[in-house]
Structure formats: C-alpha cells, structure tokens
Student: 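Got a structure for you, questions after.
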Amino acid sequence: MLSDIRCHTGYIAIVGRPNVGKSTLLNNLIQQKISITSRKAQTTRYRINGILTDQNTQFVFVDTPGFQTRHKNRMNAAMNRVVSQSLQDVDVVLFVIEALCFDEQDQLVLNLLPKTVPTILVVNKTDRLTDKNQLLPFLDTMAKKSDFSAMVPVSAENRTQLSTLLDVIRPHIPENPFLYGADEITDKSERFIAAESIREKLFRLMGDEIPYSTSVVIDQFSETEKLYKIYATILIDKSGQKAIIIGKNGEKLKLIASQARKEMEKSFGKKVFLQVWVKVRSGWADNASVLKQLGYE
Ligand SMILES: Nc1nc2c(ncn2[C@@H]2O[C@H](COP(=O)(O)OP(=O)(O)OP(=O)(O)O)[C@@H](O)[C@H]2O)c(=O)[nH]1
C-alpha cells in the first residue's frame, strides 16, 4: 500500500576544488534535464542544483552559499566561517577529489568541512588510472586525513560506480516526506534557469494570448562579482504578437522582465541586470541553431 512506503528526503552538498568533476558528477547522477525549476526550491536557504528521486528517496543536491570554488576570489571568500556553518545543515557532504591527487587546495576545502556532518570522499576520474593498484594505497593515505564515513572511487564521466555512491549516501538521508514532485529536478545551468524564469512570467502574465511555441533565448550571460548581466530575447512566431507582449508604453514587457529579474535574484542569490527584447522569427522552431541554444538538441 502506498501509505506504508516511508519516504526519505535529504540535502547533499557536493564540494571540492575547481575542476575535480563536481558538475559532471551532479549531471550524471541526475541524468536528465527538466526545464522547469521548482518554485519551492527557491524558498530554501540553498540553491538547489538538482533533485533525484529514486524509489522512496529524494536526493536534493545543493550549492552552499559562498562555497563557490570556481573563481579564485570566491575561493578566498569561501575561507569563511559562514561556509562551514551553512554546510552544517546538510545531511551529507560529498567531498570530491581526483584519483591520486590531493593538493593544497583540496586540503583547504577539507579544512572547511564540518566534523558534525557525514562526509563521503568521492575519488573521481578513476578511468584515468593506468595502474588500478595505485588506488588502494591512495585511499589508505586519504583515510588518515579525515574521518570519512565512506570512500567511493568513481568515474563521473563514465558513470562508473555512481549507483554505489547513491547506495552509500542513502543511509544518511533522514525519513522525511518528499519536498518535491518525483519528476522535478532543477537544471544546473543558470542560463537555463534565467530563460525559464522569463518564459514562466511571460506565460503567467499573458495567459492564452501567447501561443505555446513562444520561446526565450539568452543572448548574453555574464557574471561579475556583484551581479549577473543577462540579455534575452523572446522569440515569437508572428509580428502581431509583438505589440501584445510589449504592451502599451512597454508596460507589459517591463512587468515580465521585472518579475523574472526578481525571481532570478532569489534563485541566484545576487543582483541581476536584465534586458529583454521581443523578436519575430518565423519558423524558429525549425532553426537548428536556435534549437541548440534552447537546449533541445
Ligand atoms: N577523465 C575524466 N574526466 C572527468 C571526469 N569527471 C569530470 N571530468 C572532466 O574534468 C573537467 C572538470 O569537470 P567539471 O565537472 O566541470 O568540474 P567541476 O569540479 O564542476 O569544476 P568547477 O566548476 O571549476 O568547480 C572536465 O573537463 C570534465 O570533462 C571523469 O570521471 N573522468
């Protein structure tokens, strides 16, 4: 009976120095893309990077604020108590390193991890090893560095051992009702979230006036320390729809853009500068390059 099934939901942070394969790991754990970002996701203190619902367990992968190791200045910013504090609230931390590599930067990340949260060491890129026998002594050395609750060698790229990794995470996920629909995941791409925010506002504010084929393309997306700069185009089929979207004195488009901008700011945790144009592109749905930009190919 459905009511007898106990659900488990938990937050998992994937951390590690740049380039160890965190994004690849997340993408290959989630495996698919769904275009709509969760409304609820944006109300949590974390930015949700992806959700995987597997049988009775919901794995919610999060970005911890400040824990952005992509840029050097951010790495510095991450040397901060706030980071460790926010990590204390997740259920599991996946600490990703590269097989046979453990350098100063890895150590810096490790130093920030709270001792109170189960930490699983994910040893990635094992496909690169020419001699697999080297792995065991490496794991031995790693085991001495911290009290990891498990160590799992994987190849994120080849999807090797990813189901084992999920099995190792599973016991740490507490019994909780599902927070998200079983088919909900968020896309890691900020461009995608930006486009979806605009598209969602467009449909919400325009209702039936706008055909479903209308779409949004992000022309330019850049990030500075203080804000995101986003230039987007709403693509429409017929010129008659342009005036409807823009509205009298541009009011409608302004409203769409300002609501989308606010949503993005919530979701990205940063100020957003957003400019939206409306363009007629008849037959856009057949245009391969547009489809590619939209992520359909
Ligand atoms: N050989 C191999 N390469 C991998 C594997 N996983 C990731 N990579 C490669 O490593 C590089 C970095 O991967 P990302 O997933 O972008 O790494 P990241 O940790 O998210 O990087 P940042 O966004 O800079 O923090 C990419 O070129 C990947 O293709 C793996 O299992 N094997």
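Starting from 1, each residue takes its place in the sequence as its number. None of these values were measured; they are calculated from a predicted model. First listed ligand is number 1; within each ligand, the first listed atom is number 1.
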Student: Does any N or O of ligand 1 fall below 3.5 Å from an N or O anywhere on N158, backbone included?
Tutor: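 Not met; the criterion fails.
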Student: Pick, from E157, K125, R17, the option with the minimum heavy-atom distance to atom 29 (O) of ligand 1.
Tutor: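 The option holding the nearest heavy atom is E157.
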Student: Mark yes when over 12 heavy atoms from residues, nucleotides or ligands other than E251 sit less than 6.0 Å from its CD; otherwise mark no.
Tutor: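 Counting other residues, nucleotides and ligands, CD of E251 exceeds 12 neighbours.
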Student: Pick whichever of L26, N19, I14, N28 has a heavy atom sitting closest to atom 12 (C) of ligand 1.
Tutor: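 Among L26, N19, I14, N28, the closest heavy atom to atom 12 (C) of ligand 1 belongs to N19.
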Student: Which of the numbered atoms in ligand 1 are below 4.0 angstrom from a heavy atom of D127?
Tutor: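 Reading through ligand 1 atom by atom, the close ones are 1 (N), 2 (C), 30 (C), 31 (O), 32 (N).
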Student: For F61 and I30, work out which heavy atoms get closest and say how close.
Tutor: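 Taking every non-hydrogen atom into account, CD1-CD1, 3.8 Å.
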Student: Could you give the distance from NZ (K252) to CE (M206), rounded to the nearest 0.5 Å?
Tutor: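 These two atoms lie 5.5 Å from each other.
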Student: Near A156, which atoms of ligand 1 are under 4.0 Å from a heavy atom of that residue?
Tutor: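 Near A156, meaning under 4.0 Å from one of its heavy atoms, ligand 1 has 6 (N), 31 (O).
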Student: Name the option, out of P18, G16, G21, that contains the heavy atom nearest to atom 17 (O) of ligand 1.
Tutor: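 Ranked by closest heavy atom to atom 17 (O) of ligand 1, first place is G21.
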Student: Counting only heavy atoms, which portion of N124 has something under 4.0 Å from ligand 1: side chain, backbone, both, or neither?
Tutor: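 Just the side chain.
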Student: Short N/O distance, under 3.5 Å, between V154 and ligand 1?
Tutor: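 Not met; the criterion fails.
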Student: Is the ring pair F221/Y228 parallel, tilted or perpendicular, if the boundaries are 30 and 60 degrees?
Tutor: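 Because their plane-to-plane angle is over 60°, the rings of F221 and Y228 count as perpendicular.
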Student: Give the numbers and elements of all ligand 1 atoms closer than 4.0 Å to a heavy atom of R128.
Tutor: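 Result: 1 (N).
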Student: Under a 4.0 Å threshold between the charged nitrogen and the carboxylate oxygen, would E265 count as salt-bridged to K262?
Tutor: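 Not counted as a salt bridge, because no side-chain N and carboxylate O are separated by less than 4.0 Å.
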Student: Quick one: hydrophobic cluster around W277, which other residues, with the 4.5 Å side-chain cut-off, linked directly or via members?
Tutor: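 Its cluster partners, ordered by chain and number, are L227, Y231, F273.
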Student: Does any N/O atom on L25 come nearer than 3.5 Å to any N/O atom on ligand 1?
Tutor: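 Min N/O separation from ligand 1 is not below 3.5 Å for L25.
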Student: Counting distance only, does the side-chain N/O of K270 pair as donor-acceptor with the main-chain N or O of E225 below 3.5 Å?
Tutor: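 The answer is yes, because a donor-acceptor pair under 3.5 Å joins these two groups.
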